[in-house]
2 protein chains.
Amino acid sequence: MSENKIVFLEQTKMPTHYYNILADLPKPLDPPLNPATKQPATPQELAAIFPMDLIMQEVTQERFIEIPDEVRDLYRLSRPTPLIRAANLEAELQTPAKIYFKYEGANPTGSHKTNTSYAQAYYNKKAGIKKLVTETGAGQWGSALAMACKHFGLECEIFMVKVSYNQKPYRKTFMRLFGATVHASPTNLTNAGRKVLEKDPDSPGSLGIAISEAIEVAVQRDDTNYSLGSVLNHVLLHQTIIGEEARLQMEMLDEYPDVVIGCVGGGSNFAGIAFPFLRDKLNGTKKNLEVIAVEPSSCPSLTKGKFDYDFGDEAGLTPLIKMYTLGHDFIPPKIHAGGLRYHGMAPTISLLYNIGAINAKAYGQLEVFKAAQLFAQCEGIVPAPESSHAVKEVIEQALRCKETGEAKTILFNLSGHGFLDLGAYELYLENLLDNGNSK
Amino acid sequence: MSENKIVFLEQTKMPTHYYNILADLPKPLDPPLNPATKQPATPQELAAIFPMDLIMQEVTQERFIEIPDEVRDLYRLSRPTPLIRAANLEAELQTPAKIYFKYEGANPTGSHKTNTSYAQAYYNKKAGIKKLVTETGAGQWGSALAMACKHFGLECEIFMVKVSYNQKPYRKTFMRLFGATVHASPTNLTNAGRKVLEKDPDSPGSLGIAISEAIEVAVQRDDTNYSLGSVLNHVLLHQTIIGEEARLQMEMLDEYPDVVIGCVGGGSNFAGIAFPFLRDKLNGTKKNLEVIAVEPSSCPSLTKGKFDYDFGDEAGLTPLIKMYTLGHDFIPPKIHAGGLRYHGMAPTISLLYNIGAINAKAYGQLEVFKAAQLFAQCEGIVPAPESSHAVKEVIEQALRCKETGEAKTILFNLSGHGFLDLGAYELYLENLLDNGNSK
C-alpha cells in the first residue's frame, strides 16, 4: 500500500531529442509516390503544404533529432507527463502482472497531440506561414493545433469529422476558445466535401474526407499550410518524447517492459510510446519485447487491411503511401473513438507489422467501454474511447498473466482522458451503444 | 525560456499530516448551536449524520492531524499535484510579478474535491456506514464522492443543484460511471424539496436546498450518513494537503508568496491553499502575507453578507453556524460557477475575515470568463468557472505590479479544470452570458 504510484521526471531531465525510427528499420520504407507519374514524390512536391524543416524530418535517417528550444519551452507546460502504476487495477484483476501507464491526458488539451502540434506550428511559423488548416476526428488533434497556433500567432482552420462534431460538442468550443474556426466535415466549402455530400447528404464523414478538405483549402494560398495529426513520419517522430520519457521513468524504477501497448488510428500515440522501446528490439538487445497495436474491430486496418499503396485521404490529393489500408473510400462505422476512424496506417507502423516486429489486436466498441469503466473505477481516470482500446488489451494481458502466473511488466499509453467523451459513456450506461460493427 | 515551469514533488515527500487552523486562531470559533435550545450542539447531536472520527476532527485543537494510510494511498493516484509557474501569462501581462499556481485539476475527478472525499468515505467505512448522501453544485464534489464511495464499497446518492444539472450534463454521467445515483434538486423525494417546488416549481435550486434534501435522506437510516463537500472544519482540514504541498514546492524554489489567492463558495479550496500559509501570518512570522478570497459578485457572502448565526441549509436542518451569510433562503442567480452558489461561508474563513487576517474581492461572471480565456490561451488549461474567479484576481494583482513595478510572488489555487464546463464557455463565446447579477 505504501509503494509509490507515480514517477515524476524533473523538467531538467526531460529528453532533448526525438527518436527517429527510420534510422533503425531493417529495410527502408517504400517511398510515397506521385499518383500521376507513379514516381517517388519529391520534397519539392510536398513543399506546397509543408515547411521544408518538416519535409526533411519526414525523410532524414538521423537517429536522434534535437527538439527546438521553443518547443521544449511549450512542453514544459505539462511535460514530463507522469508514469503511473495502475496498482488498484492490478489488485482488482488479482494479476501478478505489473501495469504502468504513461498519462498523456495530463497535457493541456487532454491528449498526446500537443507533442506534435507545438512542433508543427513552430516550424511553420519559422517558415513564414500565417495559417494552418487541418482535419480532426474526435477533436484531440484539432484542440492541440488550435492551442499551438494561438501560441505562435497563426490562424487555424479545422475540418472536424461530422459524426464526432455532433457526438462531442464541447470539442468545438475548446478549439474556438483558442481562436480556431471549426467546420463539420464534409462541408460545402470544398470540392472534396461537395462531392461526398452529392453522393450521400447524410455522410457521417471520415478522417480521409476531412483530410481532403483541409488539403484543398491549404493548397489555395502560399501563406497557408496543411498540418496532419498522425500517420506521417515527422508526426510520429514528435510523439517519441512519450517513450523517451517513459524509458527514463522505467529506469528510475529499475524496470523494463515485457509488453508495450498503444491504440492505433493513424498510429501516432502508439508510435510515441512504442518506437523508443522498439529501438532495443530492432537492434537486438531486447529481442523478446512484445509490442501490440490495438485497433477497433470496426476499422481494422492492420488486422484486416491490405499492405499496399493507397491514398492518405478520400479524394486522392495526397501521394500514394505504402501502408495497411481498408481502401481510401472506406467510411468507418460511427464509433465514438473518432480518432481511430482512419482507413490507413502510418507507413512505419505498417512496415513493422509486416515484418513481424509488432503485433495487432482488434476489439469491439462495447468490450472497450466496459474495460474503460473498470479502469476508471480503479484508477479514477476516465480514458478517452481511443485509449480505452489499449486498456482493453492491457486487461486481457493481465488476466492471461493471472492464468499463467507470469509477472509480466506491462506498459501502455493512456493517450488521453475522456472528459469530453462523456456523451459516449452516457450512451454506454444507457445500453445504447452497439459494438461498432453496424453503419 | 529555459527555466522550469513545473515543480513536481516526489510521492515519498508528500505531507503526512493535515494542518488544523483551529490550533492557531487568535480567538475560538463561536460554537454551532442547536436551533431549538440555542445551546452549543453536542458531538452526540451530530452523530446522526457524521462518524465520530470526523466529528472529533471538527473540534480538535491539535495542530497537525495524521493522514490515514488508506487515504494517503488514494492521494498517490494523483498527488502531489504540480506547482506550475504561469510564465506565459506573466509574459502576456508584461508584469514583474511571479505567478505560481497549484493545479488541483490534475486530480482524477478534475478538482481538489477528492482530497476530502477519500477521507470522508474512509472514516465512514471504518464506522460501519453503508451509504453516503450528499449535495453537489457544479458536480465537482459529487464526482469526487462518487469515486471515493466506489473505492470503499459504499453506496452513494447525490442531490445535484438543478441549474447545474442542466448546465453540465456530463457531470451526471461521470458520477454514474462510478455507480452513484444522481437527482436534480429540488426533487419530489424529500419534504425539503417538495416545499421549495410548491412555492416555485421552476426553482433552479441552490446548494442550501440540496443540502437540506441530502440531510433529510441521510437521517432516515442508521447505516446512512451525510457528507458535505465544504464549509465544515473537517472538510477544510482535509484540503490543507494542497497548501502543505505548496509550501514544500515553494521551498524547493526558495520562494515564499507575498499574496495567496483562492476562490470561495463554501471555502474549501481557498482554505486548502491558504491555511498552511496563514499559519505563518497568525504566529507572526509572516505578518505581511496577503491572503485574498474571491467570490462572485452575484453571491457575495463575504463582501456583502452579515456575520451572524444562520443555518447551513435552506430548510433549517443543520445547527446554527456563525458565519458570513446572505440568508439561508437566498437563491443565487444561475451563474455557471455552480460551486460558488452558496449563501454562507465556512466559520473559520468567516472569523479570519472578520478579524482582518484575510481580504475578499468579488467579480462578475463576464469579467471572470474573460480572464479565464486569457489564462487558457497562455497556459493551455481551461479553468473551471469557480477557479476562474481566482484567476481574475491574479490578473488584477499582476497588472497592479506592472504599474507599481513591484515583483510580487503570487500563489493561487487553480482548483479545477473546465473540461466539463465548456457549455458555459460556448455561451460566453456566443455573447450569451450575463454578469450573473440577474436571476
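We name chains A, B, ... by the order of the sequence lines, and we start the count at 1 in each one.
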S.K.: Looking at B/L74, B/T173, B/T109, which one has more heavy-atom pairs under 4.5 Å with chain A than the rest?
M.R.: B/T173
S.K.: Answer yes if the side chains of B/S387 and B/S415 hold a donor-acceptor pair under 3.5 Å, and no otherwise.
M.R.: yes
S.K.: Against chain A, label B/P80 side chain, backbone, both or neither, depending on which of its atoms sit under 4.5 Å from a heavy atom there.
M.R.: both
S.K.: Looking at A/M147, A/R176, A/E379, A/Q373, which makes the most heavy-atom pairs under 4.5 Å with chain B?
M.R.: A/R176
S.K.: Quick one: which residues of residues 138-146 of chain B reach chain A at under 4.5 angstrom, heavy atoms only?
M.R.: none
S.K.: Check whether the ring centres of A/F419 and B/Y170 lie less than 6.0 Å apart, and answer yes or no.
M.R.: no
S.K.: Could you list the residues that satisfy side chain to side chain donor-acceptor pair (under 3.5 Å) with B/Q94, not counting sequence neighbours?
M.R.: none
S.K.: Which atoms of A/N88 come close to chain B, meaning under 4.5 Å heavy atom to heavy atom: side chain ones, backbone ones, both, or neither?
M.R.: side chain
S.K.: Counting heavy-atom pairs under 4.5 Å with chain B, which one of A/L420, A/L429, A/L177 comes out on top?
M.R.: A/L177
S.K.: Picking from A/R171, A/E10, A/H417, which has the most non-hydrogen pairs under 4.5 angstrom with chain B?
M.R.: A/H417
S.K.: Do B/E104 and B/T81 meet the criterion of a side-chain donor-acceptor pair at a distance under 3.5 Å?
M.R.: yes
S.K.: Quick one: CD1 on B/I84 to CD1 on B/I99, what's the gap to the nearest 0.5 Å?
M.R.: 13.0 Å
S.K.: Going by the rule side chain to side chain contact (heavy atoms under 4.5 Å, CB included), which residues pair with A/K126 if we only count those two or more places apart in sequence or in a different chain?
M.R.: A/D53, A/Y122
S.K.: With only heavy atoms counted, which part of B/A106 is less than 4.5 Å from chain A, the side chain, the backbone, both or neither?
M.R.: neither
S.K.: Determine whether the side chains of B/K113 and B/Q239 contain a donor N or O and an acceptor N or O closer than 3.5 Å.
M.R.: no
S.K.: According to side chain to side chain contact (heavy atoms under 4.5 Å, CB included), who are the partners of B/H183, at least two apart in sequence or on a separate chain?
M.R.: B/E157, B/F159, B/T181, B/T187, B/L189
S.K.: Got a donor-acceptor contact below 3.5 angstrom from the A/R72 side chain to the A/P15 backbone?
M.R.: yes
S.K.: Can you tell which of A/A86, A/G179, A/P108, A/S78 has the highest number of heavy-atom pairs within less than 4.5 Å of chain B?
M.R.: A/P108
S.K.: Report yes if the distance between the aromatic ring centroids of A/F375 and A/F369 is under 6.0 Å, otherwise no.
M.R.: no
S.K.: Go through B/T12, B/I381, B/L9 and name the one with the most non-hydrogen pairs under 4.5 angstrom from chain A.
M.R.: B/T12
